[in-house]
Protein chains: 2
Amino acid sequence: MSVQERKERERAGRERLIVATARELAEQQGWDAVTTRRLAERIEYSQPVLYSHFRGKREIIGAVALEGAAEMATALRAATSAAAGPRARVIALARAYLDFAARNPAVYDAMFQLDGGLAFAHEDTPEPLKDAFAALLESLGEVAGDGVHPALFTELFWAALHGLATLTRAGRLPPEDTERRTELLVDRLAML
Amino acid sequence: MSVQERKERERAGRERLIVATARELAEQQGWDAVTTRRLAERIEYSQPVLYSHFRGKREIIGAVALEGAAEMATALRAATSAAAGPRARVIALARAYLDFAARNPAVYDAMFQLDGGLAFAHEDTPEPLKDAFAALLESLGEVAGDGVHPALFTELFWAALHGLATLTRAGRLPPEDTERRTELLVDRLAML
DNA sequence: CTCGATTGTCTAGCGGTGCTAGGATCGATT
DNA sequence: AATCGATCCTAGCACCGCTAGACAATCGAG
C-alpha cells in the first residue's frame, strides 16, 4: 500500500515539476520556446513521459493557466482587502490585475491568449477560473450602480482590464500612461 | 520598358493573390491551417515564391493585418457618419468595431493577436494602423470629457472594445449580452 | 529465492512545420 | 540566333507535436 502511495507522490511531484518548468521556460524565453523536447530535457526525462501526465502540449498550457488563475485570485483579494473605501478598493483591484499581467506575461498568455483547452462561461469551467472571476465580482459588484447586473458590470470591467493588459504588453499602448488610464477607467466605469 | 512594367504588374497581382488567399484560408479554417505549403498550393506556385514576396509567414500575416486595418477604418467611419448626435455616434462606433471583429475573426487576430511583425505606438507604425486609431479618435475625442486628453481616452475606450471583442470570441463572455455591455460601456465611459 | 507479469521509461520514427540552397528553365536583349 | 539574367521549382534542412514498440526495472506469487 505504502509503495503505491510513494509512487503516486513521486508522480504528482513530477507533474508539478513539468508545470513549473514549462512556466519558467515560458517566462524566460516565451511560449514558442516551450517545445516538448526542450521541456523533456529540462526535467531530465524523455518526451513520452510528458504524455503520461498530459494529453499534449495544450493541457500543459492549461495547467499553467489554472495555476495562474489561482494565484491571480489570491493577488486580487490581497490587494482589495488592504484598501479602505470603494474607490480605493477598485483602484487596487485594477492595479493588481494589470500588475499581475505585466509581471507574469507568459502565465497571462496561457490563461487568455493561448489555447489551453479550457472551457469558459459554461458549467464545466474549471474552479480556479470561476474563482478568479468571483474575486473580481466581490469588489466590483458594490460599484455596479443601480439597476445594473453585477455580473454584467464585472464582465465589462474585466474586458477593459484585459484590453489594457494585452494592448500594453503588445506595445500598442504606451506603458507610461498606465496609471492615468487605470484611474480614468475606475472613475468612469464605477459608480462610487 | 513596357515589358518591365507588365512584369511588375503581374508581380503585384500575385502578391495580392497571396494575401487574399492567406486571408481566405485563415477565415475558413483558422490561421493554424495557413501553412506555407497549403498557401503555395492554393496560389498554384511553389513555396519559395512566397519568400520572394515576403520575408516569411509573419510578414504575410502582417500584410493581412494592414489590409484589415484599412477596412476597419473605413467601416468605422461609415458607421459614425450615418449617426446623428454624439451618443448615437459612439454607440455606432462601438457596434461597428465589435461587428468587424466578429465578422472577420482571422483578420482581427492578424491585427492584434498574432505576431505580424508590426510596430505600434512608434513613429514607424504603418499608416493604416495609425489611420484606424484616428478613426476612433475622431468620434471619441468629442466625448472624452473636460480635462481628459482625447488620445488617452481613446486608448482606454479602444482597450475596452478590444477586451470585449477577444473575450467574447474566445467564449469567455456570453455573446447574447454583447449589446447590453456595449450600451453600458458607452453610457459610462463617454461624457455625453 | 526465483520467476513471470506488470509497470515504467526510452529509442526511434512518423508526418508535419517554416525556410533555403542550388539547379533547371524560360524569355528579353544584343 | 546566341547569350545571359531573372524566375521558379525540386529537394532538403532542422525543428515541431506526438506515438509505437523495444527494453529495463520492479512487483507479487509460488
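Chain A is the first sequence line, chain B the second, and so forth, proteins listed ahead of strands; every chain is numbered from 1. Bear in mind that the values here come from a model prediction, so they are computed numbers and not experimental data.
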Item to check | Contact list for DNA chain C against residues 105-116 of chain A - heavy-atom distance below 4.0 Å | outcome: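 Contacts with DNA chain C under 4.0 Å: none.
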Checklist entry - Residues from residues 25-35 of chain B sitting under 4.0 Å of DNA chain C, heavy atoms only? => result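 The stretch gives V34(B), T35(B) as the residues lying under 4.0 Å from the strand, ordered by number.
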Expected list for residues 16-25 of chain A: side-chain donor-acceptor pairs under 3.5 angstrom, two or more places apart:
| residue | atom | partner | partner atom | Å |
| --- | --- | --- | --- | --- |
| T21(A) | OG1 | L17(A) | O | 2.6 |
| R23(A) | NH1 | E67(A) | OE2 | 2.8 |
| R23(A) | NH1 | E71(A) | OE2 | 2.7 |
| R23(A) | NH2 | E71(A) | OE1 | 3.0 |

Expressed as a whole number of angstroms, how long is the span from [X]:[atom1] to [N]:[atom2]?
| X | N | atom1 | atom2 | answer |
| --- | --- | --- | --- | --- |
| E15(A) | dG8(C) | CD | P | 14 Å |
| E41(B) | dG18(C) | CD | C1' | 17 Å |
| E10(A) | dT7(C) | CD | C1' | 13 Å |
| L50(B) | dT20(C) | CG | C1' | 13 Å |
| Y45(B) | dC26(C) | OH | P | 14 Å |

Next on the checklist: Looking at T168(B) and A165(B), would you say the former's side chain and the latter's main chain have a donor-acceptor pair under 3.5 Å?
Outcome noted: no
Item to check | salt bridge (Lys or Arg N to Asp or Glu O under 4.0 Å): pairs with one or both residues in residues 183-192 of chain A, sequence neighbours excluded | outcome: R87(A)-D187(A)
Could you tell me which residues satisfy side chain to side chain donor-acceptor pair (under 3.5 Å) with [X], sequence neighbours excluded, listed by chain and number?
| X | answer |
| --- | --- |
| Q28(B) | R42(B) |
| T36(A) | Q47(A) |
| E142(B) | R89(B) |

Item to check | Residues which pass salt bridge (charged side-chain N to carboxylate O under 4.0 Å, His left out) with R11(A), listed by chain and number, not counting sequence neighbours | outcome: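 Testing R11(A) for salt bridge (charged side-chain N to carboxylate O under 4.0 Å, His left out), a comparison that skips the adjacent residues, returns none.
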Pairs under 3.5 angstrom, nitrogen or oxygen only, protein versus nucleotides 19-23 of chain D, please.
none

Are any of [X]'s side-chain N or O atoms less than 4.0 Å away from OP1 or OP2 of [N]?
| X | N | value |
| --- | --- | --- |
| T36(B) | dG18(C) | yes |
| R38(B) | dT17(C) | yes |
| R14(B) | dC8(D) | yes |
| R11(B) | dA6(D) | no |

Would you find more than 12 non-hydrogen atoms of other residues, nucleotides or ligands less than 6.0 Å from [X] atom [atom1]?
| X | atom1 | answer |
| --- | --- | --- |
| E179(B) | CD | yes |
| E176(A) | CD | yes |
| E10(B) | CD | yes |

Item to check | salt_bridge(D99(A), R103(A)) N-O dist < 4.0 Å | outcome: yes
Checklist entry - Can we say D131(B) and R77(B) salt-bridge, meaning some charged N sits less than 4.0 Å from an Asp/Glu carboxylate O? => result yes
Checklist entry - What parts of residues 56-64 of chain A reach DNA chain D, counting only heavy atoms under 4.0 Å away? => result G56(A), K57(A)
Checklist entry - Taking the nucleotide of DNA chain C with the closest heavy atom to each, which residue, R37(A) or E44(A), is nearer the 5' end? => result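 Taking each residue's closest nucleotide, the earlier one in sequence belongs to E44(A).
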Checklist outcome for this item: So the ring pair (Phe, Tyr, Trp, His ring centres under 6.0 Å) pairs with at least one residue in residues 161-192 of chain A (sequence neighbours excluded) are Y108(A)-H162(A), F112(A)-H162(A)
List the atom pairs, with distances to 0.1 Å, where a side-chain N or O of residues 145-152 of chain A and a protein N or O form a donor-acceptor pair under 3.5 Å, not counting sequence neighbours.
| residue | atom | partner | partner atom | Å |
| --- | --- | --- | --- | --- |
| H149(A) | ND1 | A151(A) | N | 3.1 |

